[in-house]
Every structure is written in C-alpha cells, then in structure tokens.
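Residue numbers begin at 1 in each chain, while the letters A, B, ... track the order of the sequences. If you're wondering where the values come from, they're calculated on a predicted model, not measured in any experiment.
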Amino acid sequence: MPTRLSHLFLRTLRDDPADAEIASHKLLVRAGYIRRQGPGLFAWLPLGLRVKANVERVVREEMAAAGAQEVHFPALLPKEPYEVTGRWEEYGDGIFRLQDRKDADYLLAPTHEEVFTLMVKDLYSSYKDLPLTIYQIQDKYRDEARPRAGLLRGREFTMKDAYSFDATDEGLIASYQAQRDAYERIFARLGLDYVIVQADAGAMGGSRSEEFLHPSPVGEDSFVRSAGGYAANIEAFTTIAPPAIPLEGLPSAEVFDSPNTPTIESLVAFVNAEHPRADGRAWTAADTLKNVVLALTHLDGSRELIAVGLPGDREVDLARIEVAFAPAGVEAATEADFAKNKALVKGYIGPWATTGPVLGETGAARIRYFVDPRVVEGSAWITGANVHEKHALFVTAGRDFVAEGTIECAEVRAGDPAPDGSGPVDIARGIEIGHVFQLGRKYAEALGLKVLDENGKLVTVTMGSYGIGVTRIVAVIAEANHDDKGLIWPSEVAPFDVHVVATGKDDVVFDIAEQLVDGLEAAGADVLYDDRPKVSPGVKFGDAEIIGVPVILIVGKGAAHGLVELWDRRTGERTEVAISDAVDRITMKA
RNA sequence: CGGGGCGUAGCUCAGCUUGGUAGAGCGCUCGCUUUGGGAGCGAGAAGUCGCAGGUUCGAAUCCUGUCGCCCCGACCA
C-alpha cells in the first residue's frame, strides 16, 4: 500500500524551530521527521521512523554478514553488575538512576558491557563455544550535561552495540577486525565519509581503540591527521620527545630578579632585555617552562593538587590531561588551593629553587609533578624560582628537578609532527559515528567470565565492544545530504523510493497518478503519494523538496498528453517521460 | 558548574523602555474563487503572557524569588 500524504501523520513547518542551530536539526523538525519532547529527547514521526529503520536494516545486514547474532537486553537494569565493575560510581552524574517501589537501585543503561558479559557467563563455559559476537540495537540513556545539536547529542539515543568474546588474544584481534570491516561496509553503504582515528582506550580499560569520525565542522571531536596516513583523536595524539642532552658541561641554574613578570609574555620580554642569550638568538616563549597547578577529583571525592610543566608557548589541554588521570576529573586549581599551599607562588612557580625541589612529592609543595614529553633530560628552561618576582635561567631537567613522569598535557597544533613520522598533522572536526574497542579482560575479570581451554584450564575470556550511533547517523546523513530547500536522502535510507506528486484540478491527473502508484508498488517500490486535493502545486513541490525523497514523479499538466515528469531531487533535473515508461524508468533506477 | 540570551496562540515573533480590556505572519476550521512554485477574498477557533510572591485602583509590562529552555565554555562511549 502506498503512503498517502492526505493521511500521513505529518506537518511540515515553514519556519526553522527557534531551538535548532544546525541544518540537520532544523530540517528534520521542519520536514516532520522528529519532534522535541524535552532536552535531548525526541519523538520519531512516521517519516523519521522509516529512515531510522533503514539505517538499522543496513546495520543488521552487515552484522549478520560478519557473523554477529542479534539479541535484546532491557534498557532498565539493576545496578549490581555495574557496581561490580565500578561503573556505577564512575559514571557519576552521567547516567539516569532510579528506584523501584522497594527502593532498589536501577539505571537506564548507558551501554551494556556488564550484562552481555554476564549472559555469556550464564550460558557458556568452554572455549569450544567461542568465538562469539552478539549485538543489539537498543536505546541508551545518558544524562548529558548539555544535550545539543538535535539528534547529534541526545540523552536518549539508539545504538547498535556489539560485544565479542574470545578465549585468546589472536581471537580478539580477528573478532575486532571482523567488526571493523563490517563498519567500513556499513558506512560505505550509507554513503558516509569517515576517517578511522586512533582513540584513547584508557577510560574503557582496553588496549586498542579506534573511532570512526565523519568529518564535519559541526562535530564535537577534534582529530589530527597527516598526509602520510596518521589519524588520531586529539586526545590520543602523542608527542614526539626530542633526544635527551648529556648533562655534562651545561650551565648552572641561576636565579634572577624579574619584577612584574607574572605572565609568559612579560617574562620573555624581560629576559630578552636583561639577560640576552649569548648566541644572539632571542628567547622565546618556547624556552620557558610553564608550570600549571591543577586539581584532580578522584572517584572517592578526594581532591589532589598536581602540577604539570610544559613549554611556555603551549596552552594546557585539560581534555588530554583527563585521559592520563581517568577516571579522575581535572580542573584548574582555585585561589583557595593556592592559599592553602604556601610553597606555590602564583606566577612564579618552578620545579626548582635554591633551597631544593619545590614541585614533586618530595619537594616543598609536596604535590606530584608531571611534564610534557618535550621536557627531556638535559633540556634547560627559564622558569619560576618560587619566590615572588624571581625566575631562574638554565633550570635543567634531570639535574635540577625530576618529574614523576611525562603526560600529554599540551595543546596539539596544526603542523606538529605525527608520532609515526608521517609528517605534520592538521586538525579537523568530526562526528563520532562508530567506535571499536579491544576491551581485553577487564570486564570478564571483574565479572568472572572464564571458560575451560583445550587443556582443561580455566582462562579469562577477552572481549571487544563495538558501537554505532544509529540516531546520530540519521542526523549525520541529513547533515551531509541537504540543500537550502530541504533534505536529500541517499536511496539506501530514504523513507520512500519515490514520491509521486499529483497536481492539477482535473480528476484525470489523480486517476493517472493512482495507476502509476499501483504500478510502482507492484514493481516493489515504496511509494509516498501526494494525493491531496486542493493543495497548490507550490506547496506540493515545496513539501517534496523538504521531505527529500530522491526520486519524485510529477503527474500534472502533461498527463493529458501522456507525459509525466521525473524529478531528481539531488540534481534538480526534470525529465519528461511517457506515462507508459515511467514505472520502468524509476524501478530500473532504484 | 561558569558566561550570555530567551520564556507571549500549534510554529516564528512583536508588544515591555513610558503599567490601562492580548497582537501580527504562518498554520488550523468554514464558504467562494484559484491549481506548474509556499494563491485571493470573507468569516472563525485558538493564549493562566513559564510559575510564585510583591508594588499598584490596575501588571505581559515594574520589583523579588523560582523553574525551564537555547547558545558558548567545562564535561561527555
């Protein structure tokens, strides 16, 4: 049966909704695919549901081809499994929690590693049962601090999440590769550009992790890539450390007065004026060591001050630092923090003083100290002397101070060298549409998922988890496929194969249109039929454009002469065809 | 959580400075006309002006509080 526009639950809107910023959000609402229900919550209308179902169909087909089996878990789950793995606490405010009538704690699952693991533990106990990959397409819930951009970041969203279970490391690699390959096929079929980037695996506790990013200026993820093929999420980018310098013969550190130089800029100007370099080159911000005091908030709520040292020409990147300290939170230290720690002289902090080390657990400030990878042994810096209006020259790493370790704490810049030697990187924005993880044994260990191997020994299963954001993909496709008139769906996910528009006041056009609709349906096409009487052609054409079915068949003024028009929504091209040829032309195309 | 903005009809918004019976366009209903690019005329339905308190003879408008939403940042598999 064709879908008749006269009865379809749809109202297209002439104005952009006031709360929408990006094209996909505006158009999906205006074209009647979705409606907002609350912050980050959307209802799906008939058109939207069809597109979403098409995305899910592609995912299901490729999951099946990759040997994954579909299951379905509740979105509402008891907290216990999440307590065992620590995620009940780790998620903090990030999940929706609720109680039943007996006050037992539940959550709306943000992701399902725990219960998949437990289900496999319940049913399987032999290596012969593995490998196994199971998946579901299920709504997920996250209490996002700030939902935004319509479907791109919602608090309820549909995700395909797959989990692989293997007895061996080699098995995990194969299972991971099978999902990764499936993802490439899925995105190719959906016509979506993507870049596979190295991701930070730390938070999920795994060994290898890659994200599929769709490059887009509205994306929330920054990633870097080099012409030589390196690509990484900016949080996973690693800095090449320069070679260490032998300490012998290096000049000693010397403290100097530096009145009114609380910033890097003022300091550089001052040393160039008062302590110029012997070699004639001017000092730059990159010669200074900037020490920034941060506060970690650990899972138990305790607060720990730390310091990071990095070249003064770089800003700190808190997101990259978070990776190093996950799951602890990181924020800049407050005035109160400085007030409590007298050894930290704001504006003049350095790792070293004439009285000995200052930063570091054994230093005067008694806080842990980490440095950027560029701060290698033998590198000498201009840095704070821990006395108000005093700095020091030639403070040398490995001699005057020793850091607890190196961490990635500095911003990444376009032009920085890729760690694999493939050249300088540039920085772009992307939308995460898929993520594959080698989880390893973290969850299996915590939940006790073991199988007997061929020697009769119990071994812990190794796992992978693989996500695709289904609702997000609907938005991304809309974002990538529209013009100023409306949506333009790729045929694989379009809500209909063809949109038949009957226009005119003569009953003949409607009779001919009905026959064409029947013919198209008989040939297997999904048809949207604009059968509305007394609606002007302009309105019908406008609705066809905003709805975005790629193939439009206009039955109108030419119908009496045996002609209809084929309208390609993407190119705008209209072709007159004989009524008798119309069905074949369309179904061949589709 | 920090900064900014906004809450008035289904939607997009005006009115608020300077208090005096609630407005427009779109959409919706009915009638007539119109039918290849969001049509015309006429007649309608539709709003606790986010909420609560206060000032006042009188509050959408002024004051206080509060809730919500949007944007930027922070956060975010």
- Task: Both distances under 3.5 Å, Watson-Crick or G-U wobble: report the partner of B/C6, or none.
- Result: B/G68
- For B/G47, which nucleotide is its Watson-Crick or G-U wobble mate, given both distances must be under 3.5 Å? none
- Message: Can you see if the side chain of A/Ser536 gets near the phosphate of B/A39 - specifically, an N or O under 4.0 Å from OP1 or OP2?
- Response: yes
- Query: Tell me: CZ of A/Arg532 to P of B/U35, nearest whole Å?
  - Reply: 18 Å
- Whole Å only: how far is the CD atom of A/Glu545 from the C1' atom of B/G36? 12 Å
- Message: Only pairs with both distances under 3.5 Å count, Watson-Crick or wobble alike; so what is the partner of B/G23 in this structure?
- Response: B/C13
- Counting Watson-Crick and G-U wobble pairs only, both distances under 3.5 Å, name the nucleotide matched with B/U18, or none. none
- Item | Base-pairing mate for B/C30 - Watson-Crick or G-U, with both contacts under 3.5 Å | B/G42
- Task: Go ahead and name the base partner of B/A60; Watson-Crick or wobble counts if both distances stay under 3.5 Å, otherwise write none.
- Result: none
- Under 4.5 Å between any side-chain heavy atoms of A/Val218 and A/Leu152, yes or no? yes
- Query: Can A/Glu156 and A/Lys140 be counted as an ion pair, charged N to O under 4.0 angstrom?
  - Reply: no
- Message: Can you tell me if A/Arg155 touches the phosphate of B/C76, counting only side-chain N or O atoms and a distance under 4.0 Å to OP1 or OP2?
- Response: no
- Query: Below 4.5 Å, heavy atoms only, C-beta onward: do A/Leu49 and A/Leu45 meet side chain to side chain?
  - Reply: no
- Paired nucleotide for B/G73 [Watson-Crick or G-U wobble; both distances under 3.5 Å]: B/C1
- Item | Any side-chain donor near an acceptor of the partner, A/Glu62 and A/Tyr183, under 3.5 Å | no
- Any N or O donor-acceptor pair linking the side chain of A/Arg11 to the base of B/C11 at under 3.5 Å? no
- Query: Do A/Pro217 and A/Arg429 touch side chain to side chain, with heavy atoms closer than 4.5 Å?
  - Reply: no
- Counting only side-chain N and O atoms of A/Arg14, is one of them less than 4.0 Å from OP1 or OP2 of B/U12? no
- Counting just side-chain N and O atoms, does A/Arg36 come under 4.0 Å of either OP1 or OP2 of B/C70? yes
